[in-house]
Structure formats: C-alpha cells, structure tokens
Amino acid sequence: MTQDRKVAIVTGASRGIGAAIATRLAKDGLAVVINYAGNAAQADELAGQIRKIGGEALPVRADVSDPAAVTALFDAAEKAFGGVDVLVNNAGIMTLGRIADVDDAAFTRQVDINFRGTFNTLREAGKRLRQGGRIVNLSTSVVGLKFENYGVYAATKAAVETLTAIMAKELRGRNTTVNAVAPGPTGTALFLDGKSPELIEKLSKMNPLERLGTPDDIAAAVAFLVGPDGAWINGQTLRANGGMV
Ligand code: NDP
C-alpha cells in the first residue's frame, strides 16, 4: 500500500451507481472500501476488477442502518488502509407509493436506510475522517421535481440534503467539504425495476439531453467533488440530471 494514497468508503458499492463511483475513485488513485448489504459476490468481483487495474479495494459487508455495523465498517477501513479521507453515502432504497397508501414497513425501511443510514455514517465520519476530507451524500432530483408517489423516498433525501448543508458548517476547522449529488433517472436496478419500457422512455426524455443518466455520469460528478477541482464547493447539492430540474 502507498502511504499517501487517500482512502474512500463508498456505501452501497456492490452495484449500480456505487460500483461506478468506487471504480472511478480507484482510477483516480484512491483506495476504496466497497460497502454492501447482501451481494458479497458482486462486491468481491468489483474488488477483483479494481485490483486488476492496479487499485486497492476492500469489500466490507455492513447494513448502514445499524450503527454498530457502521462503526465496524470504519474500523475495517482504518485497519486495512490506515485511515479514512472520503465518505460517499450512496447506499439507498426506493419504494414508490402515494402517501395515503404507504405501509409502515416501507416507510421505516426507507427512513432507516436512506436517512438513518446516512446519519450513522456521517456521525462516524465526523469523529474519524482525517483532516482535508471529503463527504458526498447521494440525494435525488425528485426533491426538486416533487413527483407524485415519491413522497417518502424524496422526504428521506430532503433530510439528507439538510444534513449535508449543516454538517459542512459543523466541520469548520477540519478543511473538509460536505456536499450532495442529486441524480435524475439513472440506468440501475433501483430506477429500472418495475417500470414499463414506455415509462422508462418517457422519464428518459424529460431532460433536454433526452437520455437516461448512466452510473458513470454520476460517478464523474462525485469524483469532481472528491478531487482537487471541487475543493471550493462546500455545503451544496449538485443536481446531476441532464437539466431535468
Ligand atoms: P441500486 O439499487 O442499483 O444499488 C443499491 C446499492 O445500495 C447496492 O449496492 C446495495 O447493496 C446497497 N444497499 C442497499 N441497502 C443497503 C444497506 N442497508 N446497507 C448498505 N448498503 C445497502 O441503487 P442505485 O445505484 O440506483 O442508487 C444509488 C443511490 O443513488 C441511492 O442512494 C439512490 O437513492 C440514489 N439515486 C438513484 C437514482 C436512479 O435513478 N438510479 C436517481 C436518484 C438518486 P446490495 O447489492 O448488497 O443489496
């Protein structure tokens, strides 16, 4: 291991946007911790791909909604790589439904993973991130669009945006930035599963660039905020959606 290599924890990095972020940060020279909830095989495979291109990667299972698991996640990162410089809060789930119809289980799961999960890792990062750190939280452009059926999901992400802006101020003196990236529709299981081809086509064309976002599009925005060119951006939410809102 190179001693001056920065270290990033990317939550929910076994697939989708998180996997693209982990790959991009590894290409940019960071050692990456690939967090996941259940998909060990995919996380291991991604770690293997990153090592093949000369990067350092460690898959770590941890349910972000569990504070003890999050503490263990940071412990594992520090043990393997000597410290943590970057946290990307990407793990998230989405269950759509009108507010009048959402059941308690769907409400609690989204709050636990999207809101509490982000809180759990931010709390740990607030204590343990090295000086000069970077935090990027994944929100959603639906916070701006306010589509029907997205009430609970969007509300958990609005909470994430609020945590982002406040924590940026609380880390005064640490030379650490805290920002959010809010994607629009992006081609992953979270977006595609359960939607008809017609609805996918319609949502893809809502932005003036008339295509679906790719995980690499979102990873590029995250990499900008993590890298030296993003150093002066702090406490902001960057909507990465082709101009949809
Ligand atoms: P995917 O469903 O493709 O991937 C979700 C990832 O999160 C997986 O790696 C999954 O791990 C992990 N995960 C789920 N629950 C937990 C948990 N409790 N603890 C740790 N990891 C967990 O989602 P996307 O890549 O599409 O989404 C990534 C982020 O981007 C989310 O926060 C989402 O809200 C946001 N976003 C996505 C958009 C889209 O259109 N795709 C649009 C706007 C925002 P495992 O594989 O082990 O299950």
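Each ligand, and each atom within it, is numbered from 1 in the order the structure gives.
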N/O donor to acceptor pairs below 3.5 angstrom from side-chain atoms of residues 70-78, sequence neighbours left out:
unit_1 : atom_1 : unit_2 : atom_2 : d
Thr71  : OG1    : Pro67  : O      : 3.1
Thr71  : OG1    : Glu124 : OE1    : 3.2
Asp75  : OD1    : Arg128 : NH1    : 3.2
Asp75  : OD1    : Arg128 : NH2    : 2.6
Glu78  : OE1    : Arg128 : NH2    : 2.9
Glu78  : OE2    : Arg128 : NE     : 3.2

Nearest heavy atom to atom 5 (C) of ligand 1: which of Ser141, Gly92, Gly16 does it belong to? Gly92
Between Glu161 and Lys157, does any side-chain N to carboxylate O distance fall below 4.0 Å? no
Within-shell test, Ser139 vs ligand 1, heavy atom, strictly < 4.0 Å: yes
With atom 20 (C) of ligand 1 as the reference point, say which of Ala40, Ala62, Gly12, Gly187 has the nearest heavy atom. Ala62
For Arg116, is there an ion pair with Asp66 - N to carboxylate O distance below 4.0 angstrom? no
Under-4.0 Å heavy-atom contact with ligand 1, by part of Lys157 that carries it: side chain
Using heavy atoms and a 4.0 Å limit, tell me yes or no: is Arg15 in contact with ligand 1? yes
Quick one: does Ala43 get within less than 4.0 Å of ligand 1, heavy atoms only? no
Any ring pair (Phe, Tyr, Trp, His ring centres under 6.0 Å) pairs touching residues 150-174, not counting sequence neighbours? Phe147-Tyr150
Within-shell test, Arg61 vs ligand 1, heavy atom, strictly < 4.0 Å: no
Option passing side-chain contact (heavy atoms from CB on, under 4.5 Å) with Val152 (candidates Thr108, Val102, Thr95, Leu96): Val102
Check ion pair Asp101-Arg98 (N to O, under 4.0 angstrom): yes
Please state whether Asp63 comes within less than 4.0 angstrom of ligand 1, counting heavy atoms only. yes
Among the heavy atoms of Gly117, does any lie under 4.0 Å from an atom of ligand 1? no
